Every structure is written in C-alpha cells, then in structure tokens.
Engineer: 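The structure is given below, and queries will be raised subsequently.
Worth saying up front: this structure is predicted, and the values here are computed from it rather than measured.
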Amino acid sequence: MIRKLRILTLLSIFLHACVSASASIPPTETLTPQIPTATLTPSPLPPPPETLQPTATLPPPQPISRVFIVTFDGLRPDAIDAAGMTNVQSMMQSGAYTLTAQTIMPSTTLPAHAALVTGTCPAKNTVRWNEYVPQNGYAIGTDIFDLTRSVGLRTVLVAGKEKLRQITESTDFFGWVDNTDEEKDKTTLDNMALEQIEQGFGLMMVHFPDGDVAGHEYGWLSKQQLSAYKKNDQSFGRF
C-alpha cells in the first residue's frame with residue numbers, strides 16, 4: 001500500500017514536472033515570412049508636346065469642270081526629252097506625273113486605249129483586236145465616257161485612227177483624221193480638235209497617231225519619230 005502510494009506520488013511529481021517543463025517553454029509563434037516591400041520611385045512625366053506652329057493654309061481644291069486627255073501613240077518616256085516636247089515638260093513641272101507606268105502587254109494601240117478608258121485588261125473589256133472591226137462592237141464595261149455622260153456632260157473623242165471608235169460608244173462627238181492616207185485630208189486633226197474645244201466639253205480625248213506611225217516605219221527614237229512627236233507637242237500647246 002505504501003509502495004503504491006510512493007509510485008503514485010512519483011508519477012504525480014513526474015507528470016507535474018512535465019507540465020511545468022512544457023509550461024516553461026513559450027508557445028511557438030507562427031512565423032510569417034516577411035516580403036520586402038519595393039520602394040516605388042515615380043517615373044518622371046514626359047515633357048509636354050511642343051506646340052505646333054501653324055503652317056501655311058493651302059487653298060481648297062477647285063472643283064473639276066472638265067477633263068482633257070491627250071495620248072501620243074507609241075510614246076516612250078525617254079522620247080519626251082529626246083524630241084524636245086516642251087509643252088509636255090511644262091505640264092510635268094507644274095503637275096503630277098510618272099515615267100514608270102505600265103500599259104498592257106502587248107502594247108497595241110486599240111487594246112491599250114480600251115484599257116485606259118475602262119480601267120480593265122483585255123480579258124475583261126474583251127478588246128483584243130487592233131484593227132477597226134465594227135461587228136466586234138465596243139469595249140465591255142463602264143468607261144470614263146459613260147460616267148461623264150451619266151451626269152449630263154458633253155463627251156468628245158478626236159482620233160488619228162478610226163479604230164479608236166471602238167473603245168467607247170458614249171460620245172457626243174467622234175471624229176477621226178487618218179494622216180497616213182496618200183491623199184492628205186482637208187480637215188486636220190488639230191483643227192477638228194480645236195473646234196470641239198471651242199464648243200465645250202466635260203470629257204475630251206485627243207489621240208495623236210504620228211509618232212507610232214513613224215516608229216513602225218523608221219524605228220523607235222528615229223529622227224522621223226522624234227520629229228513627229230515634236231510636231232504633236234506643238235499642237236498640244238495650241239490646245
């Protein structure tokens with residue numbers, strides 16, 4: 001009995017000692033990892049934009065009342081200077097131009113002019129022939145002559161080759177003068193064109209054939225061809 005009491009006493013002391021020991025250990029703190037806080041340095045603001053200085057005010061574009069198109073058949077860009085086409089050069093200096101534009105291939109007269117006025121290639125406007133063939137009709141598709149007539153403006157086509165009749169049917173006046181005839185025509189292409197200019201127009205095209213004719217006969221950039229272009233340029237100056 002006394003022995004059991006001692007064991008219980010010792011056990012009680014031991015338990016008390018464990019409790020006291022555990023009580024003497026401070027509770028474990030929950031550690032929260034400290035994340036360093038970045039110090040934000042405000043970025044400098046961009047400098048204010050420079051005050052734009054007012055530029056010269058351009059005059060408003062004037063409404064277009066008429067369009068005048070001149071084609072020099074067979075003309076190469078380098079022939080302009082070589083032939084001394086001063087009126088063409090003057091317009092180049094005062095307007096917009098390019099010497100690298102490309103026409104259709106092959107660059108035959110009738111299909112090239114049909115492509116010019118319709119804005120489409122022969123596969124669409126169907127003009128693949130290069131002679132006057134009335135039964136073939138006209139270039140297919142809306143062309144600039146169609147658009148001009150649709151708003152009630154007068155259209156004129158003066159050509160040096162009859163086959164150009166087939167590039168459009170929307171002309172109030174069509175006339176042609178074939179200067180390659182053995183017997184010279186009494187009415188010159190220049191005079192016919194000047195008469196139509198005096199009558200007024202919304203859209204007018206004048207086609208000079210001489211350079212192309214001379215080029216086929218004497219060669220491109222030949223003396224004869226350059227002379228023909230020089231003469232055409234003088235007529236252009238009159239217009």
Engineer: Considering non-hydrogen atoms only, spot the tightest contact between Phe174 and Ala159 and give its length.
Structural biologist: CE1-CB, 4.4 Å
Engineer: Should Asp190 and Arg238 count as an ion pair when the cut-off is N to O under 4.0 Å?
Structural biologist: yes
Engineer: Is there a path of hydrophobic side-chain contacts, each under 4.5 Å between heavy atoms of I, L, V, M, F, W or Y residues, that connects Tyr97 with Met85?
Structural biologist: yes
Engineer: I'd like to know if the side chain of Ser94 and the backbone of Ser90 have a donor-acceptor N/O pair within less than 3.5 Å.
Structural biologist: yes
Engineer: Measure the OG1-CG distance between Thr109 and Asp73 for me, rounded to the nearest 0.5 Å.
Structural biologist: 3.5 Å
Engineer: Atom CD of residue position Gln102 - does it have more than 12 heavy atoms of other residues, nucleotides or ligands inside 6.0 Å?
Structural biologist: no
Engineer: With sequence neighbours excluded, tell me which residues meet side-chain hydrogen bond (donor to acceptor under 3.5 Å, both in side chains) with Gln89.
Structural biologist: Asp81
Engineer: In the single-linkage hydrophobic clustering (I, L, V, M, F, W, Y; side-chain heavy atoms under 4.5 Å), do Leu189 and Val88 co-cluster?
Structural biologist: yes
Engineer: Over 60° means perpendicular and under 30° means parallel, so tell me whether Phe68 and Phe239 are parallel, tilted or perpendicular.
Structural biologist: perpendicular
Engineer: Closest approach of Asn125 and Thr118, non-hydrogen atoms and distance?
Structural biologist: ND2-OG1, 3.5 Å
Engineer: Between Asn191 and Thr188, do the side chains contain a donor N or O and an acceptor N or O under 3.5 Å apart?
Structural biologist: yes
Engineer: Mind running salt bridge (Lys or Arg N to Asp or Glu O under 4.0 Å) on Asp172 and Arg149 for me, showing each step along the way?
Structural biologist: CA-CA 9 Å; Asp172 294 295; Arg149 289 192 77 186; 3.4 Å; yes
Engineer: Should we say atom CE of Met92 is surrounded by more than 12 heavy atoms from elsewhere, each under 6.0 Å from it?
Structural biologist: yes
Engineer: Please check if the side chain of Asp178 supplies one atom and the backbone of Lys161 the other of a donor-acceptor pair under 3.5 Å.
Structural biologist: no
Engineer: State, yes or no, whether a side-chain contact exists between Arg66 and Leu203 at a heavy-atom distance under 4.5 Å.
Structural biologist: no
Engineer: Between the side chain of Gln225 and the main-chain N/O of Ala214, is any donor-acceptor distance below 3.5 Å?
Structural biologist: no
Engineer: Taking side chain as C-beta onward, heavy atoms only, is Leu226 less than 4.5 Å from Leu221?
Structural biologist: yes
Engineer: Might you point out which heavy atoms bring Asn232 and Gly211 nearest each other, and give the distance in Å?
Structural biologist: OD1-N, 4.1 Å
Engineer: What pairs of residues pass the ring pair (Phe, Tyr, Trp, His ring centres under 6.0 Å) test when at least one of them lies in residues 102-148, not counting sequence neighbours?
Structural biologist: His113-His207
Engineer: Got a second to check how far Asn136's CG is from Thr126's OG1, nearest 0.5 Å?
Structural biologist: 8.0 Å
Engineer: Taking C-beta and beyond as the side chain, do Met205 and Val70 meet within less than 4.5 Å on heavy atoms?
Structural biologist: no
Engineer: Which pairs of donor and acceptor atoms, one on a side chain in residues 192-201, lie under 3.5 Å apart (sequence neighbours left out)?
Structural biologist:
residue, atom, partner, partner atom, Å
Gln196, OE1, Arg154, NH1, 3.3
Gln196, OE1, Arg154, NH2, 2.5
Gln199, OE1, Arg154, NH2, 3.2

Engineer: Determine whether Met204 and Val67 satisfy the following criterion, side-chain contact (heavy atoms from CB on, under 4.5 Å), listing intermediate values before the conclusion.
Structural biologist: CA-CA 6 Å; Met204 180 171 175; Val67 174; over 6 Å; no
Engineer: I need the Glu162 CD to Glu131 CD distance, nearest 0.5 Å.
Structural biologist: 11.0 Å
Engineer: Calculate, to the nearest 0.5 Å, the distance between atoms CD1 and OG1 belonging to Ile144 and Thr142 respectively.
Structural biologist: 12.0 Å
Engineer: Hey, does the side chain of Trp220 reach the backbone of Ala79 with a donor-acceptor pair shorter than 3.5 angstrom?
Structural biologist: no
Engineer: Assigning hydrophobic clusters by single linkage (Ile, Leu, Val, Met, Phe, Trp, Tyr; side-chain heavy-atom cutoff under 4.5 Å), is Met91 placed with Ile80?
Structural biologist: yes
Engineer: For a quick test of reading the model, state the closest non-hydrogen atom pair linking Lys163 to Asn130 and the distance between them.
Structural biologist: NZ-O, 2.9 Å
Engineer: Verify the neighbour count for atom CG of Leu99: are there more than 12 heavy atoms of other residues, nucleotides or ligands below 6.0 Å?
Structural biologist: yes
Engineer: Using side-chain heavy atoms (C-beta onward) and a distance below 4.5 Å, is Pro122 in contact with Ile104?
Structural biologist: yes
Engineer: Can you get from Leu116 to Leu164 by hopping between Ile, Leu, Val, Met, Phe, Trp and Tyr side chains that sit under 4.5 Å apart?
Structural biologist: no
Engineer: So do Thr86 and Lys230 actually touch side chain to side chain, heavy atoms under 4.5 Å?
Structural biologist: yes
Engineer: Treating Ser150 as the side-chain partner and Leu147 as the backbone partner, does any N or O pair qualify as donor plus acceptor under 3.5 Å?
Structural biologist: yes
Engineer: Pairing donors with acceptors under 3.5 angstrom, does anything connect the side chains of Thr171 and Arg165?
Structural biologist: yes
Engineer: Where do Gly202 and Leu153 come nearest, in terms of heavy atoms and distance?
Structural biologist: CA-CB, 4.0 Å
Engineer: Could you check Phe236, Trp176, Phe72 and say which one makes a ring pair (Phe, Tyr, Trp, His ring centres under 6.0 Å) with Phe208?
Structural biologist: Phe72
Engineer: In Å and rounded to the nearest 0.5 Å, what is the CG to CD1 distance from Leu157 to Ile69?
Structural biologist: 9.5 Å
Engineer: Are Val117 and Val127 co-members of a hydrophobic cluster defined by side-chain heavy atoms under 4.5 Å apart?
Structural biologist: yes
Engineer: What heavy-atom pair brings Asp143 and Ile167 nearest, and what distance separates the two atoms?
Structural biologist: OD2-O, 3.9 Å
